[in-house]
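Here is how names work: the chains are called A, B, and so on, in the same order as the sequence lines, proteins then strands, and each is numbered from 1. Here the structure is a predicted model, which means the values were calculated and not measured.
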2 protein chains.
Amino acid sequence: MTTIVVADDHKIVREGLVKLLEGRPDFTVIGEASDGEEAVQMVLDKQPDVVIMDIWMPRLSGIDATRRIGKRGSQAKILVLSMHESRTYVEEVLRAGASGYIVKNSASTDLLQAIDAVRGGASYLSPAITQQVVDAIARPGDSSPSGVAMLTDREREVLQLIAEGLSSKEIANMLGVSLKTVDSHRSNLMEKLDIHKVSGLVRFAIRAGLVEP
Amino acid sequence: MTTIVVADDHKIVREGLVKLLEGRPDFTVIGEASDGEEAVQMVLDKQPDVVIMDIWMPRLSGIDATRRIGKRGSQAKILVLSMHESRTYVEEVLRAGASGYIVKNSASTDLLQAIDAVRGGASYLSPAITQQVVDAIARPGDSSPSGVAMLTDREREVLQLIAEGLSSKEIANMLGVSLKTVDSHRSNLMEKLDIHKVSGLVRFAIRAGLVEP
DNA sequence: CCGGGAATGGGGGATTCGCCCGAATTGAGG
DNA sequence: CCTCAATTCGGGCGAATCCCCCATTCCCGG
């Protein structure tokens with residue numbers, strides 16, 4: 001028996017995934033989350049065997065959620081679901097602690113196969129991206145994917161929320177911290193990225209895969 | 001004999017195009033422009049038969065430049081060159097008055113063929129995107145390209161420059177108008193699009209194809 | 001010929017941003 | 001144990017943004 005949590009901001013996608021998973025009697029979906037924060041809470045609460053995590057999510061990206069879950073000591077295996085095949089995402093995701101990366105183009109049988117793989121402690125990467133990962137390993141020198149790696153978890157979160165259009169005050173309320181703290185993070189990440197305008201931050205966040213265009 | 005103006009912000013691309021065009025003795029490149037403003041001036045000045053126009057350009061996008069050239073009564077046929085194959089761009093471009101749309105992936109023979117076509121008063125669309133245009137025509141109901149159509153030329157320019165990271169003051173200097181005028185345009189376009197944050201404007205401009213991510 | 005949209009310009013004010021200065025706490029790692 | 005990075009929070013200030021109000025000029029279409 002394998003217990004599963006599904007995290008995706010699109011309800012229809014979630015429902016479709018659940019339907020797919022119901023095809024396997026030994027799979028049980030024990031929870032659904034519609035954003036990163038909710039996913040983290042749910043995983044820590046219900047301790048599933050596997051988490052199917054969308055990479056794009058409001059409030060907290062799938063990458064950050066993955067990072068947090070790992071940091072809190074959960075044993076849940078995380079399988080990241082993405083519509084993109086570019087190398088930068090894959091590296092970020094794996095560095096964040098995910099066990100698998102599967103593109104949304106994959107066949108449903110691939111998804112089931114991927115779940116079995118990560119459940120058993122193995123890794124799973126979609127065929128479409130394995131080659132790119134191999135390429136990345138082949139030349140580890142240029143490991144500056146886009147600059148996101150320079151940022152801390154909190155800074156990445158703040159950057160994402162800025163790019164989503166929230167003001168510092170709104171971000172402060174959402175994260176439950178002071179306006180001044182958000183302002184510090186904003187200053188620090190601007191310094192690190194050497195981008196000093198909102199417009200530049202938004203474009204960077206899009207390129208880095210933190211928000212949708 | 002066909003006279004041609006080439007407009008592209010990348011020097012190497014321009015030079016490559018010129019080399020390609022030199023293969024045809026009946027083609028003469030009579031000018032090169034590195035941005036939209038320069039392209040408009042040059043076309044009005046030299047009255048070429050055909051303009052090869054990149055869709056991405058600083059100061060003034062290829063779409064806006066096309067729209068202006070048509071408005072000034074020039075008889076030049078405009079062939080838009082783009083690296084993107086998505087439908088929204090094509091619609092915008094054709095609505096702006098271009099005679100052709102060719103993707104940068106095309107073979108050089110296709111480019112020459114396209115020039116001949118527009119020179120003769122015909123239209124040319126890259127094979128890769130014709131199907132998408134047919135689809136768009138098949139269901140004319142959803143003719144809400146993205147909202148850019150609601151904006152005036154000037155507003156689109158200002159939006160592009162905002163998304164490129166310029167402040168209102170810098171935009172005013174670049175366009176040679178008052179800060180207050182830019183501020184007016186900014187307010188008006190935000191009202192029209194119902195987007196009241198810089199981050200939202202940047203994402204919109206990227207989706208609309210005005211700036212690169 | 002006249003209305004209206006577009007572009008131009010201006011005053012003023014509330015709010016936010018960007019950056020300067022500072023400091024306390026916490027936790028991971030040498 | 002001690003250090004350092006991360007995170008938290010504050011005060012203040014100049015600049016920029018955003019949103020009102022307003023006017024003039026020009027040009028296009030009815």
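A donor and an acceptor atom sit less than 3.5 Å apart, one in the side chain of A:Asp183 and one in the base of C:dC19. Interface remark: the A:Ser167 side chain does not form any donor-acceptor pair with the C:dC17 base, using a distance-only criterion of under 3.5 Å.
For A:Leu175 and D:dT8, the CG to C1' distance is 12 Å, given to the nearest whole Å. In this structure, A:His196 atom NE2 and D:dT17 atom C1' are separated by 19 Å, rounded to whole Å. What separates CG of B:Asn188 from P of D:dC20 is a distance of 12 Å, to the nearest Å. Atoms CG (B:Leu166) and P (D:dT17) sit 10 Å apart, rounded to a whole Å. Taking atom CD1 of residue B:Ile195 and atom P of nucleotide D:dC18, one finds them 12 Å apart after rounding to whole Å. Separating the CG atom of B:Leu189 from the P atom of C:dA6 is a distance of 12 Å, rounded to the nearest angstrom. When the C1' atom of D:dC18 is taken as reference, atom CD1 of B:Ile171 falls 14 Å away, rounded to whole Å. Regarding A:Lys197, its NZ atom lies at a distance of 20 Å from the P atom of C:dT16, rounded to whole Å.
A:Thr181 has a side-chain polar atom (N or O) that falls below the 4.0 Å cut-off from OP1 or OP2 of D:dC9. A:His185 has a side-chain polar atom (N or O) that falls below the 4.0 Å cut-off from OP1 or OP2 of D:dT8. Applying the 4.0 Å criterion to OP1 and OP2 of D:dC18, one finds that B:Ser187 has every side-chain N and O outside that range. For A:Lys180 and D:dT8, the shortest distance from a side-chain N or O to OP1 or OP2 is not below 4.0 Å. Within the 4.0 Å cut-off from OP1 or OP2 of D:dT8, at least one side-chain nitrogen or oxygen of A:Arg154 is found.
As judged by a 4.0 angstrom heavy-atom cut-off over every strand, B:Ser168 is placed among residues touching the sugar-phosphate backbone only.
Across D:dC18, D:dC9, C:dT8, the shortest atom-to-atom separation from the side chain of B:Met190 is found for D:dC18.
The side chain to side chain donor-acceptor pair (under 3.5 Å) test with A:Ser168 is passed by exactly one of A:Lys180, A:Arg186, A:His185: A:Arg186.
Remark: the backbone N or O of A:Ala76 is paired with a side-chain donor or acceptor of A:Ser74 at under 3.5 angstrom.
Side-chain contact, B:Thr2 with B:Asp49: no donor N or O sits under 3.5 Å from an acceptor N or O.
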| query | When you look at B:Arg67 and B:Asp64, which way does the salt bridge (Lys or Arg N to Asp or Glu O under 4.0 Å) test go after all the steps? | reply | CA-CA 5 Å; B:Arg67 204 176 273 113; B:Asp64 282 330; 2.7 Å; yes
